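Notes to accompany the following structure.
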Amino acid sequence: MSEGGAREFLGQPLDTQAVLASLGTKWVGRRLHHLPETGSTNDVARELARAGAPAGTLVVAERQTRGRGRLGRRWESPASLNLYLSLVLRPPLEADRPTQIPLVAGLATCEALRRWTSAMLKWPNDVLIAGRKAAGILAEAETGGSKPPALVLGIGVNVNAGGEDFPPELRTTATSLRIAVGHPLDRAQVLVAVLDQLERWYERWARDGFAPLVPEWCARTAMLGRKVRVTAAAEVLEGVAVGLDESGALRLRDRHGREVAVRAGDVALVRDAMRGNAEAGGEP
Ligand code: BT5
């Protein structure tokens with residue numbers, strides 16, 4: 001399809017009827033709140049969770065005025081180009097497990113995007129296309145009101161943003177499905193793909209735990225065997241990424257050959273003399 005032939009998909013509000021008609025899920029996204037604009041879909045979903053909304057309740061907005069990433073960072077959310085969604089989940093109450101949900105959601109989102117292009121995972125919460133960020137995930141616990149506490153899973157997927165839709169500082173690190181495939185896509189189809197995959201992977205995780213997903217996650221990342229720098233709060237760690245452990249932590253081998261498990265942080269690749277390349281953090 002040419003860019004011109006698919007222009008009808010640009011800037012159109014999401015067709016929620018089409019989403020509900022083609023959704024293959026049992027519970028994810030069956031209750032759908034579609035907003036023209038909001039601060040952050042995670043805040044709306046948290047409010048719904050506090051009021052007792054069931055697992056699977058979905059909030060999607062055309063635009064976010066205060067879309068956020070981790071640590072209060074901004075998530076660029078231009079109107080009607082991309083997907084900004086938040087899902088209410090009520091995961092089983094076991095230690096460790098909620099921290100695995102962003103990884104499970106990453107797997108699901110990566111698989112969904114692979115219907116259109118080749119996508120890869122970057123620990124802990126990015127989906128990359130050609131080494132650039134195409135989707136990000138923000139999971140937040142909502143402890144107020146409901147028991148057991150809910151978890152709100154926020155996902156931003158760059159679907160139809162063109163290079164010019166990103167602010168200058170993101171133009172070399174961010175990308176979209178449209179940039180990858182060369183023409184705009186129907187956001188309803190992308191949303192359905194994401195929701196179908198989310199239910200599939202979440203149910204597998206809830207039933208079997210994270211251990212069987214470790215090889216699945218590792219098969220979809222280009223980080224392993226590469227030297228990385230992890231920044232977590234005031235701490236900076238360097239080492240070779242060797243895998244994930246069964247809790248979802250990133251396993252790093254430091255220069256003394258010791259293995260450390262990293263539970264949170266930002267990862268950047270560092271110069272790899274063997275390969276002769278260096279990236280500031282964009283590449284997988
Ligand atoms: C994330 O944080 O990647 C989580 C993003 C979650 C967004 C969704 S949208 C629906 C829901 N409602 C919300 O308010 N949030 C969630 P983090 O790993 O901290 O990455 C943030 C960084 O990504 C920023 O500091 C920028 O460098 C970059 N960035 C911002 N907007 C971007 C975009 N649209 N595409 C690619 N990169 C972006």
Side-chain angles (χ1 to χ4, degrees), residues 14 29 32-35 37-49 57-89 99 101-103 105-106 108-110 113 119-142 151-180 187 190-191 194-195 198 223 230-233 250 262 264-268 279-284:
L14 184 72
L32 194 164
H33 301 256
H34 179 214
L35 311 171
E37 177 181 304
T38 189
S40 158
T41 53
N42 265 31
D43 290 337
V44 179
R46 287 175 72 160
E47 234 167 76
L48 289 166
T57 302
L58 180 72
V59 179
V60 191
E62 292 295 319
R63 168 170 183 257
Q64 298 185 115
T65 53
R66 289 188 306 282
R68 62 174 178 267
R70 292 172 302 149
L71 306 170
R73 295 175 191 134
R74 188 177 157 77
W75 186 256
E76 296 297 330
S77 311
S80 299
L81 288 171
N82 302 324
L83 289 170
Y84 318 112
L85 60 116
S86 298
L87 190 66
V88 175
L89 294 172
T99 60
I101 287 180
L103 298 164
T109 308
C110 184
L113 300 199
M120 300 292 277
L121 293 165
K122 180 179 169 209
W123 190 88
N125 67 331
D126 294 354
V127 182
L128 308 180
I129 298 175
R132 296 183 177 199
K133 185 155 170 166
I137 291 158
L138 176 69
E140 295 177 318
E142 178 48 62
L151 192 122
V152 165
L153 176 65
I155 308 182
V157 183
N158 297 332
V159 180
N160 285 333
E164 71 289 354
D165 296 310
F166 295 112
E169 68 277 13
L170 293 186
R171 284 183 195 158
T172 55
T173 59
T175 192
S176 69
L177 279 171
R178 174 187 169 194
I179 293 170
R187 286 186 303 145
V190 180
L191 179 58
V194 170
L195 297 174
L198 273 174
M223 291 172 72
V230 186
T231 312
L250 180 67
V262 186
D266 285 302
V267 177
E279 301 97 3
E283 278 282 303

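Every number for a ligand or one of its atoms is a count from 1 in the order of the listing. Quick caveat, the model's predicted, so the values are computed rather than measured.
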Shortest reach to atom 3 (O) of ligand 1 by a heavy atom, considering only E140, R70, K133:
K133
Looking at non-hydrogen atoms alone, which of T38, L138, V59, N125 comes nearest to atom 1 (C) of ligand 1?
N125
Across all chains, not counting sequence neighbours, the salt bridge (Lys or Arg N to Asp or Glu O under 4.0 Å) partners of R68 are D43, E140
Can you check whether [Y]'s main-chain N or O pairs, donor with acceptor, with [X]'s side chain at less than 3.5 Å?
| X | Y | value |
| --- | --- | --- |
| Y84 | A79 | no |
| R132 | L170 | no |
| S176 | I179 | yes |

Need the ligand 1 atom indices (1-based, order shown) with element for anything under 4.0 Å from a heavy-atom of [X].
| X | value |
| --- | --- |
| R74 | 24 (C), 30 (C), 31 (N) |
| R73 | 17 (P), 18 (O), 19 (O), 21 (C), 25 (O) |
| N42 | 11 (C), 12 (N) |
| G67 | 14 (O) |
| T41 | 10 (C), 11 (C), 12 (N) |
| L170 | 26 (C), 27 (O), 28 (C), 29 (N), 30 (C), 31 (N), 32 (C), 38 (C) |
| R68 | 5 (C), 6 (C), 7 (C), 13 (C), 14 (O), 15 (N), 16 (C) |
| N158 | 33 (C), 34 (N), 35 (N), 36 (C) |

When only distance counts, is [X] in polar contact with ligand 1, meaning an N/O pair under 3.5 Å?
| X | answer |
| --- | --- |
| R66 | no |
| D266 | no |
| Y84 | no |

Taking the side chain as every heavy atom from C-beta outward, state whether L153 and I137 have any pair of such atoms under 4.5 Å apart.
yes
With a 4.5 Å limit on heavy-atom distance, are the side chains of T57 and H33 in contact?
yes
Protein contact of [atom] - nearest heavy atom, named by residue and atom, plus distance:
| atom | answer |
| --- | --- |
| atom 12 (N) of ligand 1 | Q64 OE1, 2.9 Å |
| atom 5 (C) of ligand 1 | W75 CE3, 3.4 Å |
| atom 31 (N) of ligand 1 | E76 N, 2.9 Å |
| atom 8 (C) of ligand 1 | G156 N, 3.5 Å |

I'd like to know if the side chain of T231 pairs up with that of D266 as donor and acceptor (distance under 3.5 Å, no hydrogens or angles considered).
no
Contact summary for V127 and C110, nearest pair of heavy atoms:
CG1-CA, 4.0 Å
Taking every non-hydrogen atom, the tightest pair across Q64 and S40
OE1-CA, 3.4 Å
Distance in Å, D165 CG paired with L81 CG, rounded so as to fall on 0.5 Å steps:
5.0 Å
Could you list the residues that satisfy side-chain hydrogen bond (donor to acceptor under 3.5 Å, both in side chains) with E62, not counting sequence neighbours?
H34, S80, R187
